Structure formats: structure tokens, C-alpha cells
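As C-alpha cells, the structure follows; a few thoughts come after it.
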Number of protein chains: 2
Amino acid sequence: MDIWKRFGEKEVSHSMAHYLQAVAALKADKGHARVGDIADNLGVSKSGVTSMLRSLERRGLVRHERYGCVELTNEGSGLATRTESSRKVLTMFLAEILGVPEDVASEDACMIEHLVSPEVSLELLRLTTFMRSKHPVAAKFREAYRASPRSCAEHAPDDCDMCGSTCLHESLMYQVEKAPQRA
Amino acid sequence: MDIWKRFGEKEVSHSMAHYLQAVAALKADKGHARVGDIADNLGVSKSGVTSMLRSLERRGLVRHERYGCVELTNEGSGLATRTESSRKVLTMFLAEILGVPEDVASEDACMIEHLVSPEVSLELLRLTTFMRSKHPVAAKFREAYRASPRSCAEHAPDDCDMCGSTCLHESLMYQVEKAPQRA
DNA sequence: CAACAGTGTTAAGGTAGTTTAACTCGTGCG
DNA sequence: CGCACGAGTTAAACTACCTTAACACTGTTG
């Protein structure tokens with residue numbers, strides 16, 4: 001039970017994952033990552049960077065000494081690369097296979113990249129690769145899939161092997177009000 | 001830029017999504033949701049529930065008066081149902097289509113259910129439905145896919161149309177050390 | 001070689017979500 | 001009736017992440 005509580009026990013939080021990626025990207029582009037660059041890159045204040053670096057250092061993901069440049073440890077760099085790859089795979093899958101708009105695909109991928117397990121990312125890569133491949137079955141599939149219904153047309157409540165008692169399609173259509181909510 | 005910052009601007013946080021689902025589940029099972037039931041259901045303290053209910057009330061997702069039962073507003077209930085449906089779709093897709101182990105599928109679905117956009121969930125439902133269907137192409141696809149390679153066997157760096165310069169497959173294999181990390 | 005510009009850090013404060021401990025409400029029973 | 005006990009709430013404290021404002025370091029340059 002209580003799987004939901006493991007959210008806070010992931011190797012890295014959403015913020016941390018992005019700090020690591022920013023450091024990796026700056027290192028790759030400019031040869032070094034400084035506090036100010038990271039701050040600009042992520043759109044946060046420099047003091048925020050300093051304090052996050054302290055957390056990352058405690059976790060053994062970066063090395064940073066006062067007024068110096070930031071280096072990723074092996075662990076930090078592995079994590080940054082894995083997260084990056086995870087995002088790439090997710091974005092490809094969402095945009096090219098599911099066919100959702102690019103901006104939605106990118107945003108969703110960014111939100112979940114650090115949360116999906118490597119098993120899932122690996123299988124998603126495999127599926128995406130196969131679906132895009134020249135394999136004759138893949139081509140047929142893409143075509144048939146394109147023609148498949150977008151909604152539960154002939155949906156009979158309690159007799160749909162996907163849905164059960166609440167229609168999944170309908171409940172997913174629920175749109176949150178974009179109304180003002182704070183005084 | 002700064003898509004990553006929108007993480008904190010989702011309609012509901014991970015915790016909130018689970019509180020809403022707990023309230024909905026208790027209401028469905030027992031006819032009412034009380035603070036203690038919610039606390040037991042989620043494995044948190046009663047005071048934690050009280051304070052979360054305050055936040056949810058501010059956002060217009062529940063109604064709760066001192067010492068009374070908790071009710072979902074229409075908005076809260078829509079959100080609870082949508083999140084639940086999103087989890088179902090994700091779990092089905094991960095377990096049945098990707099074929100990852102049940103426990104991994106459930107855990108990943110739980111982590112991301114509130115983060116994937118409805119567009120993505122809807123398309124995922126469509127793909128899952130089609131893949132499981134009796135459509136002849138779907139059956140062929142499942143078979144061919146089962147036989148497709150699990151890794152980038154004939155992968156040539158910089159000449160793989162998925163990977164680019166870092167092999168996605170390899171970087172996703174990176175395993176985080178499960179070493180102790182706090183003093 | 002000393003002052004200035006710019007880079008980085010500290011200090012203090014805010015929100016979100018959690019905990020424990022202590023207090024209050026309200027009700028069922030003797 | 002009254003009071004005890006369980007359910008709920010408040011208060012204080014903690015972690016994580018962020019901000020602004022003020023201060024400290026560093027290196028370039030006149």
C-alpha cells in the first residue's frame with residue numbers, strides 16, 4: 001500500500017532533474033557550468049542555485065566549491081543522461097506514435113521524464129522503434145490505426161472490456177475550469 | 001522556455017490528486033468520507049488531512065466544515081474521476097501493451113496519472129483499445145512486435161535515426177546506486 | 001595595487017506538505 | 001445528567017524549493 005507516498009522518495013525530484021540537465025548541457029556547450037549560467041538557463045535566482053547545489057552535493061550528484069565551477073559526479077551525470085534519454089523517448093512516442101501536438105508532447109515528457117522507470121522507457125523505445133520501422137506489419141498497423149475510432153462509439157456501460165462502469169473516454173474529456181481561483 | 005517550472009502549476013499536486021481519489025473512494029464505499037478514514041486510507045496523520053482539506057477547499061475542490069464529513073465539489077469529483085481514469089489507461093497500456101511487470105506498471109501509473117494531459121490519455125486509450133482488439137492487423141502486429149529486438153543490436157553511433165550521439169538504450173540502462181546517502 | 005564590476009553566498013522570508021503533541025468537540029452510556 | 005473517550009483541530013516544527021536584499025569574494029583594469 002501507499003505507493004503514492006513513494007513520489008517523494010524518487011532518486012531526484014523534478015527540480016533536481018532539471019538542475020542536473022542544465023549542468024550537463026552547459027558543460028557540453030561551454031566547457032563549464034557556473035552558478036549564474038545555471039540560474040539563467042533555468043530561470044531561477046542565483047541564490048536558488050546555490051542552495052540547490054548544496055542539496056545535490058549532499059546527495060553526491062555534483063561537486064561544487066565556493067565560487068568555483070560545478071561538476072557532475074558519475075552518478076549525477078548518469079542520472080542527467082538517463083533523464084534526457086527518457087524525455088527524448090517520451091517525446092518521440094507521444095508526438096510520432098500517439099500523434100499529439102508537439103507542444104503537448106514536449107510538456108508532458110518534461111513533467112514525467114524523471115518519474116517513469118527505466119523499464120518503461122526501454123519498452124517505449126522498443127515500441128517506438130518498431131512502429132517507425134520499415135517492417136511491413138508496422139506500416140499496415142500505422143494505416144489501420146490511423147483509421148481506428150477516436151471515441152467509444154459503440155460503448156455499452158458495464159459491457160465495455162476497457163471501461164467498466166465509468167466510460168474512460170468520457171471521464172478523460174473532463175476539462176478543468178480555467179477560472180480564477182485565488183483572491 | 002521554462003516549461004519545467006509549470007510542474008508546480010498543475011491543477012493539482014500529486015498529494016492533492018490522491019486526497020481527492022481517497023475521498024471519492026470512501027464516498028463510494030461507505031457513503032461518506034471522514035477525516036480519520038481519509039487519514040487511514042492514505043497513511044497520513046489526521047492533522048495532515050485537516051490541513052490538506054483547507055487547501056483543497058481554497059481551490060474549490062471539496063466542501064468541509066469543522067467536525068463534519070467531506071464532500072467533493074463537481075470540480076473535485078471531475079478531477080478525481082479523470083485522474084482515476086488516467087491511471088487505469090496508463091496501467092493497462094504499460095502492463096498489457098508494453099508488457100512491463102504489473103508492479104512497475106502500477107507504480108509508474110500512480111506517479112504520472114495527474115501529470116499527463118487528457119489529450120495523451122485519450123490517445124493512449126485509443127492505441128490500447130486498438131492493440132487489444134480483434135482487428136487482424138492488430139493481431140499480426142502483436143506477434144511481430146513480440147519478436148522485435150530488445151536492444152539496439154546493430155546500432156551505429158551517430159547513424160541511428162533514433163539515438164543521435166548517445167545511445168538511448170544504453171543510457172536508459174543506467175541504474176542508480178541504491179547506496180546509503182544520508183549521514 | 002586598489003577600486004570597481006560582476007559573480008556568488010548568506011540571511012530571512014514565503015508556500016506546500018508533512019509530523020507530533022496538546023487541546024477541543026460531541027456523543028453514548030452509566 | 002455528566003463525563004470519558006474517540007474524532008477532529010490547532011500549534012509548532014521540519015524539509016524542500018523558491019524569492020529578495022544585503023553582503024563577500026575575485027579578477028580585471030586604470
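Computed from a predicted model, the values in this text were never measured in an experiment. Chain letters run A, B, ... following the sequence lines, proteins first and then strands; every chain starts at 1.
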Backbone N or O of B/E75 within a donor-acceptor pair of the A/Y174 side chain at under 3.5 Å? yes
Mind checking if [X] touches a base, just sugar-phosphate, or nothing, with heavy atoms under 4.0 Å?
X     : value
B/G36 : sugar-phosphate
A/H18 : nothing
A/V49 : nothing
B/H64 : sugar-phosphate

Got a sec: does the CG of B/D29 have more than 12 other heavy atoms crowding it under 6.0 Å? yes
For atom CE of B/M162, decide whether the heavy atoms of other residues, nucleotides or ligands shown that lie under 6.0 angstrom number more than 12. yes
What is the separation between atom [atom1] on [X] and atom [atom2] on [N], rounded to the nearest whole Å?
X     : N      : atom1 : atom2 : value
A/L20 : D/dC17 : CG    : P     : 11 Å
A/I38 : C/dT7  : CD1   : C1'   : 13 Å
B/E57 : C/dG17 : CD    : C1'   : 18 Å
A/K46 : D/dT19 : NZ    : P     : 13 Å
B/D40 : D/dG8  : CG    : C1'   : 13 Å
A/F7  : D/dC17 : CZ    : P     : 12 Å
A/R59 : D/dA16 : CZ    : C1'   : 9 Å
B/L56 : C/dT15 : CG    : C1'   : 15 Å

5′-ward residue of the pair B/G43/A/L53 relative to DNA chain C: A/L53
OP1 or OP2 of [N] sitting under 4.0 Å from any side-chain N/O of [X]?
X     : N      : result
A/Y19 : D/dC18 : yes
A/R54 : C/dT10 : yes
B/S45 : C/dT20 : no
A/S15 : D/dC18 : yes

Sorted by position of nearest nucleotide on DNA chain D, 5' first, the leading residue of A/S47 and A/R66 is A/S47
Relative to the 5' end of DNA chain D, which residue comes earlier, B/K5 or B/Y67, by the nucleotide with the nearest heavy atom? B/Y67
A/R34 to A/Y67, cation-pi by 6.0 Å centre distance and 45° axis angle: no
Modelled atom types, side-chain donor and acceptor of A/H114 and A/Q21, under 3.5 Å: no
Ring centre gap for B/Y145 and A/F141 strictly below 6.0 Å: no
Between C/dT9, C/dG17, C/dA16, which one does the side chain of B/S13 approach most closely?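 Out of C/dT9, C/dG17, C/dA16, the nucleotide with an atom closest to B/S13's side chain is C/dG17.
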Out of D/dT9, C/dT9, C/dG17, whichever nucleotide has its closest atom nearest the side chain of A/T50: C/dT9
